[in-house]
Protein chains: 2
Amino acid sequence: MGRRSDHSREELRALILDEGHRQLSEVGFARFSAREVAKGVGYSIGTIYNVFGSYDALLLALNGRTLDLWLAFLEERLAGCEEGRLDAAIEAYFDFALGQRHAWTALYDFRLPEGASPSEDYRNKVAAITGVIVREIAAVLPAGAQAQALPLARSLLASVHGHCFFALNGTFAMLGESDPLGAAKARVADALARYGAG
Amino acid sequence: MGRRSDHSREELRALILDEGHRQLSEVGFARFSAREVAKGVGYSIGTIYNVFGSYDALLLALNGRTLDLWLAFLEERLAGCEEGRLDAAIEAYFDFALGQRHAWTALYDFRLPEGASPSEDYRNKVAAITGVIVREIAAVLPAGAQAQALPLARSLLASVHGHCFFALNGTFAMLGESDPLGAAKARVADALARYGAG
DNA sequence: CAGATTAATTGAACGATGTCTAATTTTCTA
DNA sequence: TAGAAAATTAGACATCGTTCAATTAATCTG
């Protein structure tokens, strides 16, 4: 079969992303297959390569979508939240990871070949999520510690990530920890206490 | 070729583990291949399956070896260390992950199929590493807070893991963080300060 | 020591993967 | 309307994990 006019380039791209994200969320990164996505949208594997160029590029696009969903989820949770916004953000972190388990895990299971770096677009998405945390931390830091908001946000993101990661991969269960979210909140509180936040 | 007397069962197992760990450390989890290991030891792929039963079992054994190396590395670093032992442990965490980059990453990239859980042997190895941290934290906690040593150790392990993970996977670089180790140490110090450690 | 039994080892087969490319077909352009 | 450009396909390729019948060497047995 040759050229078709079923979908424009952008429609096709969106179609593949929709179906791809659906499958990734269902089967997880390890079992994810570009061929299967092609089947799902009724095109051949070659078309996936025409649109995305490579398997890696497809996965980067799918992970980008996950980041978009994550940011939206985070902002929505914070939208009607007056007090305890930072705790709410941590809860949102956990809830998204648990709810979108496979998609979230794929963010970290998938790695570009050594030397390669993600697109500016992708980096911006990561920075956007970080930006939310920077904002929330700045809001609770005293005036004299505002300069610490960015480095602190990066560090606390890493801490929360570690807790969330151990919760999902079974490490915490193996060690008898039954309240990963509580532990994560406590560590964030520890750090903020030192900067006189409140 | 039929039965050979080149190696006993245990020698063969050790041979495969040696070569497997060498290759895993060299090429990383994504490019690791059981067939290639078979080539490396001069046996056929079938023999790998006779000895280990499955690809998953082989990888679990290889990750087990990484955990052994990690524990030994950690203890050796702490051996001649009088003060600042906890900071030394965090440094050791980072140094091992950086030095054994591929092997360390494989600990978390590889996942058992859903529902399956690692062997008791594997769980013990993870618990052993945790045990070292519990011990070191207990040593700096005041008498009244000893009960917190275990939960705190689990939580601080997660925090340090998050920092190490972000350092290795490029997230920190992407966010402009240039001292992940320093940040990890600071978060641990924050937590200990709250418990009156010193 | 000879023959039978057991155990280990092999390599081909299978279905699946990502990747590439020649051929085909449609659409656009001059 | 003829030719150029773009899109789509299907098959080929090398690789992967997995299985298994056949083969061969070591061991046991009488």
Side-chain angles (χ1 to χ4, degrees), chain A residues 1-17 19-21 23-24 26-63 102 106 109-116, chain B residues 1-17 19-21 23-24 26-63 102 106 109-116:
Chain A
M1 198 188 303
R3 187 179 223 173
R4 286 155 48 172
S5 56
D6 303 14
H7 307 97
S8 75
R9 200 68 174 188
E10 269 130 37
E11 284 174 335
L12 189 48
R13 196 186 150 86
L15 210 62
I16 295 172
L17 248 64
E19 176 67 11
H21 205 269
Q23 291 194 15
L24 180 61
E26 186 178 326
V27 306
F29 174 67
R31 297 192 200 284
F32 179 79
S33 145
R35 274 189 147 94
E36 211 58 39
V37 175
K39 262 189 219 167
V41 295
Y43 280 78
S44 83
I45 175 65
T47 294
I48 305 264
Y49 274 79
N50 284 345
V51 175
F52 288 93
S54 71
Y55 176 84
D56 286 8
L58 171 61
L59 245 108
L60 226 42
L62 290 173
N63 278 349
H102 282 145
D109 280 348
F110 173 67
R111 284 217 214 347
L112 255 32
E114 326 222 3
Chain B
M1 197 188 302
R3 185 182 232 178
R4 285 154 51 170
S5 56
D6 304 13
H7 307 96
S8 74
R9 200 68 172 187
E10 268 129 38
E11 283 174 335
L12 188 47
R13 196 186 149 85
L15 210 63
I16 294 173
L17 250 71
E19 176 66 12
H21 205 268
Q23 290 194 15
L24 180 60
E26 187 178 325
V27 307
F29 174 68
R31 296 192 201 283
F32 178 80
S33 143
R35 274 189 149 94
E36 211 58 39
V37 176
K39 261 189 221 167
V41 295
Y43 280 79
S44 82
I45 175 65
T47 294
I48 304 264
Y49 274 79
N50 285 344
V51 176
F52 287 93
S54 72
Y55 176 84
D56 286 7
L58 170 62
L59 244 108
L60 225 43
L62 290 173
N63 278 349
H102 282 145
D109 281 347
F110 173 67
R111 282 216 217 346
L112 257 30
E114 325 222 3

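Residue numbering restarts at 1 for every chain, and letters A, B, ... go by the order of the sequence lines.
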Undergrad: Want to settle it: does Arg31(A) or Ser5(B) sit nearer the 5' end of DNA chain C, counting the closest nucleotide to each?
TA: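 Taking each residue's closest nucleotide, the earlier one in sequence belongs to Ser5(B).
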Undergrad: If you assign each of Asp6(A) and Tyr49(B) to its closest nucleotide in DNA chain D, which residue comes earlier from the 5' end?
TA: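 Per heavy-atom nearest nucleotide, the more 5' residue is Asp6(A).
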Undergrad: May I ask you to check whether over 12 heavy atoms, not counting those of Glu10(B), lie within 6.0 Å of atom CD?
TA: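 Counting neighbours around CD of Glu10(B), 12 or fewer heavy atoms of other residues, nucleotides or ligands fall under 6.0 Å, so no.
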Undergrad: Write down the protein N/O and nucleotide N/O pairs, taken from nucleotides 12-16 of chain C, whose separation is under 3.5 Å; answer none if there are no such pairs.
TA:
from    : atom 1 : to       : atom 2 : distance (Å)
dA13(C) : N6     : Arg35(B) : NH2    : 3.3

Undergrad: In whole Å, I'd like the distance from the CZ atom of Phe52(B) to the C1' atom of dT19(D).
TA: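 Distance check: Phe52(B) CZ to dT19(D) C1' gives 19 Å.
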Undergrad: What distance do His21(B) atom NE2 and Phe32(B) atom CZ have between them, rounded to the nearest 0.5 Å?
TA: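 If I round to the nearest 0.5 Å, the distance is 9.5 Å.
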Undergrad: Show the nearest heavy-atom pair for residues Glu19(B) and Gly40(B), with the distance to one decimal.
TA: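 Between these two residues, the closest heavy atoms are OE2-CA, 3.7 Å.
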Undergrad: dA8(C) P sits how many Å from Glu10(B) CD, rounded?
TA: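 Rounding to the nearest Å, CD of Glu10(B) and P of dA8(C) are 12 Å apart.
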Undergrad: Please pick, from dT19(C), dT8(D), dT18(D), the nucleotide with the shortest atom-to-atom distance to any side-chain atom of Ser54(B).
TA: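 The answer is dT18(D).
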Undergrad: Kindly compute the distance separating CG (Leu17(A)) from CZ (Phe52(A)), expressed to the nearest 0.5 Å.
TA: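 Here the rounded value is 4.5 Å.
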Undergrad: Can we say Glu36(A) and Lys39(A) salt-bridge, meaning some charged N sits less than 4.0 Å from an Asp/Glu carboxylate O?
TA: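 Counted as a salt bridge, because a side-chain N and a carboxylate O are separated by less than 4.0 Å.
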Undergrad: Using atom CD1 of Ile48(A) as one end and atom P of dA10(D) as the other, report the distance to the nearest whole Å.
TA: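 That distance rounds to 14 Å.
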Undergrad: Rounded to the nearest Å, what distance is computed from the CZ atom of residue Phe32(A) to the C1' atom of nucleotide dT17(C)?
TA: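 After rounding, the reported distance stands at 12 Å.
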Undergrad: Enter the distance from Arg31(B):CZ to His102(B):NE2 here, rounded to the nearest 0.5 Å.
TA: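 Going from the CZ atom of Arg31(B) to the NE2 atom of His102(B) covers 8.5 Å.
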